[in-house]
There are 2 protein chains.
Amino acid sequence: MVQDTVADGATGDADACCTPLGDVDADAMAIDLQVLSAMGNDTRYELLRRIANADDGVCVCDLEAAVGVSQSAVSQALSRLYAAGLVTRRKEGSWRYYEPTETTVALLETLDDLRGTYE
Amino acid sequence: MVQDTVADGATGDADACCTPLGDVDADAMAIDLQVLSAMGNDTRYELLRRIANADDGVCVCDLEAAVGVSQSAVSQALSRLYAAGLVTRRKEGSWRYYEPTETTVALLETLDDLRGTYE
DNA sequence: GAAACATATTAGTATTTTCTTGTATAAGCT
DNA sequence: AGCTTATACAAGAAAATACTAATATGTTTC
């Protein structure tokens, strides 16, 4: 498997403190950044938490009421979460239900563990 | 333990599709957002990966060579990672060595697992 | 102590992001 | 078909972010 990497600038002679570092996988980086930057925003984080908290799908109208931004902003936020693979969406009549993906569940769980939520 | 929450706007009458959702813990949210938004940036993500890849501490000069931004930008990025609790720093002479925290290790590992890096 | 080096800080600018308003699409109801 | 509701899309304004350049601080070396 060919693996793109971000070039390591330090190809020259070894300086006093500087040992060359292992490069970072560019594909992995792109994917992770999409996920992290999608989650790392007030509105989207809160939407995601609420989606993850619900048992089987939340419709957009629920979410609109909960966060303090316009319908349009909620829609855009959800689209971005979807693009990042953090939610799935399913249409039911004229409603649209969002559910968390495994990625979302795993990451939120990790964050909870790290904070020591239940200590 | 008192637990701040973000108010759930949907306190009114129950609409067609809308069931009220569980609120989101505001403290947890603040902490998570600091972590996520710190990681969710090109420069900082790459710095963090390189710090995590190294065995025992990376000095700033190594990092500067690796990412394509100014010394100042690197310093600012590292400060932000530090503020978010993602790295520790230790001074050794005039160099400063950065190391990943448990949070960083855990999150990067989770991300790797989710991507299925080793499949 | 002065020069050179490693890193941090400040201030300003450029870029990116996020929101709002207005409009479009699509489904359900009468 | 026309009206209403649910959601998405587009364009632009406003806010937040990330960079650069310049300067400051602290360390080493001579």
Side-chain angles (χ1 to χ4, degrees), chain A residues 9-10 12-19 30 33-48 50-51 57-84 87-99, chain B residues 9-10 12-19 30 33-48 50-51 57-84 87-99:
Chain A
D13 35 20
D15 287 47
C17 74
C18 300
T19 33
L33 277 174
Q34 248 215 321
V35 168
L36 292 167
S37 63
M39 289 182 77
N41 162 270
D42 215 48
T43 301
R44 291 190 300 264
Y45 176 93
E46 193 174 348
L47 290 173
L48 199 57
R50 283 172 189 276
I51 292 170
V58 185
C59 98
V60 183
C61 62
D62 287 327
L63 296 166
E64 270 166 49
V67 300
V69 294
S70 69
Q71 176 269 318
S72 178
V74 171
S75 179
Q76 291 172 63
L78 291 170
S79 284
R80 173 118 184 232
L81 291 174
Y82 178 74
V87 295
T88 61
R89 47 186 174 190
R90 134 180 74 91
K91 210 167 185 180
E92 204 154 298
S94 62
W95 286 279
R96 208 183 256 266
Y97 288 88
Y98 283 81
E99 281 177 76
Chain B
D13 35 21
D15 286 46
C17 76
C18 301
T19 33
L33 277 173
Q34 247 215 322
V35 168
L36 292 166
S37 63
M39 289 183 78
N41 161 270
D42 216 47
T43 301
R44 290 190 299 264
Y45 175 93
E46 193 174 348
L47 289 173
L48 200 56
R50 283 172 189 276
I51 291 170
V58 185
C59 98
V60 183
C61 61
D62 288 326
L63 297 166
E64 269 166 50
V67 300
V69 294
S70 69
Q71 176 268 317
S72 177
V74 171
S75 179
Q76 291 173 67
L78 291 171
S79 284
R80 174 119 183 231
L81 291 174
Y82 178 73
V87 295
T88 60
R89 49 185 173 190
R90 133 180 74 91
K91 210 166 185 182
E92 204 154 298
S94 62
W95 286 280
R96 210 183 256 263
Y97 288 89
Y98 283 81
E99 280 177 76

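Quick note on labels: first sequence line is chain A, next is B, and so on, each numbered from 1.
Remark: A/Ser70 is in phosphate contact with C/dT20, judged by side-chain N or O atoms under 4.0 Å from OP1 or OP2. OP1 and OP2 of C/dT17 both lie 4.0 Å or more from every side-chain N or O belonging to A/Arg80. Taking 4.0 angstrom as the limit, A/Ser75 places a side-chain polar atom (N or O) nearer than this to OP1 or OP2 of D/dA8. Between D/dA6 and A/Arg96, no contact under 4.0 Å exists linking OP1 or OP2 to a side-chain N or O. Residue B/Asn41 places no side-chain N or O under 4.0 Å from the OP1 or OP2 atom of D/dT17. OP1 or OP2 of C/dT18 has at least one side-chain nitrogen or oxygen of A/Arg44 nearer than 4.0 Å.
Side-chain contact, B/Ser75 with B/Gln71: no donor N or O sits under 3.5 Å from an acceptor N or O.
With the nearest nucleotide of DNA chain C identified for both A/Gly93 and A/Ala77, A/Ala77 has the one nearer the 5' end. When each of A/Ser94 and A/Gly68 is assigned the nucleotide of DNA chain C with its nearest heavy atom, A/Gly68 is the one assigned upstream, toward the 5' end.
A salt bridge links B/Glu46 to B/Arg50: one of the charged nitrogens lies within less than 4.0 Å of a carboxylate oxygen.
Atom CZ of A/Arg89 and atom C1' of D/dA6 are 14 Å apart (whole Å). Between the OH atom of B/Tyr98 and the C1' atom of C/dA6 there is a distance of 11 Å, given to the nearest Å. Taking atom CE of residue B/Met39 and atom C1' of nucleotide D/dA18, one finds them 18 Å apart after rounding to whole Å. The separation between B/Leu78 atom CG and C/dA6 atom P is 16 Å, rounded to whole Å. For B/Trp95 and C/dC5, the CH2 to C1' distance is 9 Å, given to the nearest whole Å. Between A/Asp42 atom CG and D/dT17 atom P the separation is 10 Å, expressed in whole Å. Protein atom CD of A/Glu92 is 14 Å distant from nucleotide atom C1' of C/dG28, rounded to whole Å. The nearest whole Å value for the distance from the CG atom in A/Asp62 to the P atom in D/dA6 is 11 Å.
A donor N or O paired with an acceptor N or O is not found under 3.5 Å between the base of C/dA6 and the side-chain atoms of B/Gln71. Below the 3.5 angstrom threshold, one finds a donor paired with an acceptor across the side chain of A/Gln76 and the base of C/dT20. Residue side chain B/Ser72 reaches the base of C/dT9 through a donor-acceptor N/O pair under 3.5 Å, judged by distance alone.
When all heavy atoms of A/Thr43 and A/Ala77 are compared, the pair lying nearest together is CG2-CB, 4.3 Å. Between B/Ile51 and B/Leu78, the shortest heavy-atom distance links the atoms CD1-CD2, 3.8 Å.
Taking the centre and axis of the six-membered ring of B/Tyr98, the NZ or CZ atom of B/Arg89 falls outside the cone set by 45° and 6.0 Å.
Candidate nucleotides D/dT20, C/dT20, D/dA8 were compared by shortest atom distance to the side chain of A/Val60, and D/dA8 ranks first. Comparing D/dC9, D/dT7, D/dT28 against the side chain of A/Glu64 picks out D/dT7 as the nearest. Candidate nucleotides C/dT7, D/dC19, C/dC19 were compared by shortest atom distance to the side chain of B/Val69, and D/dC19 ranks first.
Using a 4.5 Å heavy-atom threshold, the side chains of B/Leu48 and B/Met39 count as touching.
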